Amino acid sequence: KKLMDIQPSQLLKRKVDADDGPSTKKSRYSGDEAEEHALFRGDANAEARALAFRRGSATLKAHPKEIVCEEDLKNLPYIGLTNSAKAGHCKMVAMEILSEGFSDEVEDVLNGSFYKSMKLFTGIFGIGPQTARKWYHDLGMRTLEDVKGKNISLTYEQSLGMEHYDDLNTPIKLEEAECIIKMVEKACNEVCDELTMTLVGGFRRGKSQGHDLDLLISHPEDGKEKGKLVLIIEKLKEHFIYTGRKMDVSNNLNKGNFASSTMDNFEKCFSIFKFNKSWLNSNLEGKAEWKAVRLDLIVVPSHQFAYALLGWTGTKHFEREIRRYARTEMKIVLTSHGMHSLDTKQNFPAETEEEIFQKLQLEYRAPSERCC
Ligand code: ATP
Ligand code: MN
Ligand code: MN
């Protein structure tokens, strides 16, 4: 359970769907607010404060037992066990929620004008906290109407973000994802029948909805995946609103909370897909009713596939922690491309995720258990 989720009545661990957010749970908080607020503020130590909240919430979410009182928090890492100001802060909020069912501090954040506006602005495709902060502090902007009205210059991506704001902020449902998966699979097959397509991201972890759909594309023979993305996009041309830049623009798209070292060099496409509602609802047959959906396509060479699979399954926090563990405990640098020893510079090839866990001397965790 995430830190902000702990409601006395519903503290049991859910393995799947644990990070689905408020729409599938009747909790007061989605779980990301305290971390998010720190990143929105972006002041000194913001990253460290955000990380402390994420770690505290990840601890609670992964905890196998129900947490009902202060005593239960005592031995939890990043909350009761660690004696730091940040852990103390996590514990204080957790205890507030345990006794009151909500936290005054979090309520204040949620109801505050800064958080509300930042949430709105960073919800625009292509807008990160930095631009959003500038709009809020320097230009005095508060609402989406202000964005439209102030005559500020937007990039092409950002103007698409405004145009499709509501669609892109409506979660993609599993059934919609499945429909798109079939279409991409078909396009891959038409381009080359040996291409493989693999679901990653939140849907691979078992979530029933997501902010986008992430797919890895590969070919069993190294090198033969090259140049295929353009052809796949060409096949699906009529279904795309936007096909991103082929190179990595994730700095903008990931809202800035991604250190550059976690970015990879795969050929990829952060697209906006035109999902025709009639594909799922035959009552709409013939009507041009569609919604904009974010689709990420990442092309990976066969020998890096296992690493890309691990790196793109997430969560972001899981990736951050497993990489930190690899580096500090094992002296191994782990990325979505591979891993190598810091000392000997030796590379470790791997065919499966299981092998990577094994090499790191970690117990294997299935995707549904990476929901921290
Ligand atoms: P959601 O369901 O909301 O989309 P998600 O876990 O799928 O959640 P994404 O932002 O789609 O979140 O990212 C999926 C995973 O891919 C992340 O956990 C991250 O580890 C990895 N990832 C995302 N963007 C990049 C990038 N530019 N470079 C490398 N890895 C990335
Ligand atoms: Mn995703
Ligand atoms: Mn994505």
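For clarity, every value in this text was computed on a predicted model and none was experimentally measured. Ligands are counted one by one from 1 in listed order, and the atoms in each one are counted from 1 as well.
- Inclusion of Q209 in the set of residues having an N or O under 3.5 Å from an N or O of ligand 1 is not warranted.
- Residues K186 and M183 form no side-chain contact, since every pair of their non-hydrogen atoms from C-beta on lies 4.5 Å or further apart.
- Here the shortest heavy-atom distance to atom 26 (C) of ligand 1, taken over F266, F318, W312, belongs to W312.
- Salt bridge absent: E178 and K182 never bring a charged side-chain N and a carboxylate O closer than 4.0 Å.
- Distances from ligand 1 to the non-hydrogen atoms of G311 include at least one value under 4.0 Å.
- A salt bridge is absent between E267 and K226: the closest approach of a Lys/Arg side-chain nitrogen to an acidic carboxylate oxygen does not fall below 4.0 angstrom.
- Residue contacts with ligand 1: K207 is placed with a nitrogen or oxygen under 3.5 Å of a nitrogen or oxygen of the ligand (distance criterion only).
- A donor-acceptor contact shorter than 3.5 Å links the side chain of S57 to the backbone of R54.
- The side chain to side chain contact (heavy atoms under 4.5 Å, CB included) search around E285 returns S282, not counting sequence neighbours.
- When each of D167, I172, L280 is checked for a side-chain contact (heavy atoms from CB on, under 4.5 Å) with F275, only L280 meets the rule.
- With a 4.0 Å heavy-atom cut-off, ligand 1 is reached by the backbone of H211 and by its side chain too.
- Salt bridge status for K316 with E35: absent, with no side-chain N to carboxylate O gap under 4.0 Å.
- Using a cut-off of 4.0 Å between Lys/Arg side-chain N and Asp/Glu carboxylate O, D214 and K268 are scored as not salt-bridged.
- No donor-acceptor pair under 3.5 Å is formed between the side chain of S278 and the backbone N or O of L284.
- For ligand 1, none of its N or O atoms has an N or O atom of D296 under 3.5 Å away.
- Here T315 has backbone heavy atoms under 4.0 Å from ligand 1, and that is the only part of it that gets that close.
- With waters neither drawn nor counted, the protein N/O/S atoms under 2.8 Å from the Mn ion (ligand 2) amount to 2.
- Here's the thing with G201: none of its N/O atoms is less than 3.5 angstrom from an N/O atom of ligand 1.
- Checked against a 3.5 angstrom limit, the closest N/O atoms of T313 and ligand 1 fall outside it.
- Remark: ligand 1 and R205 share an N or O pair separated by less than 3.5 Å (distance only, no angle test).
- In this structure, L168 CG and I241 CD1 are separated by 7.5 Å, a value rounded to the nearest 0.5 Å.
- Considering backbone and side-chain atoms together, D214 places an N or O closer than 3.5 Å to an N or O of ligand 1.
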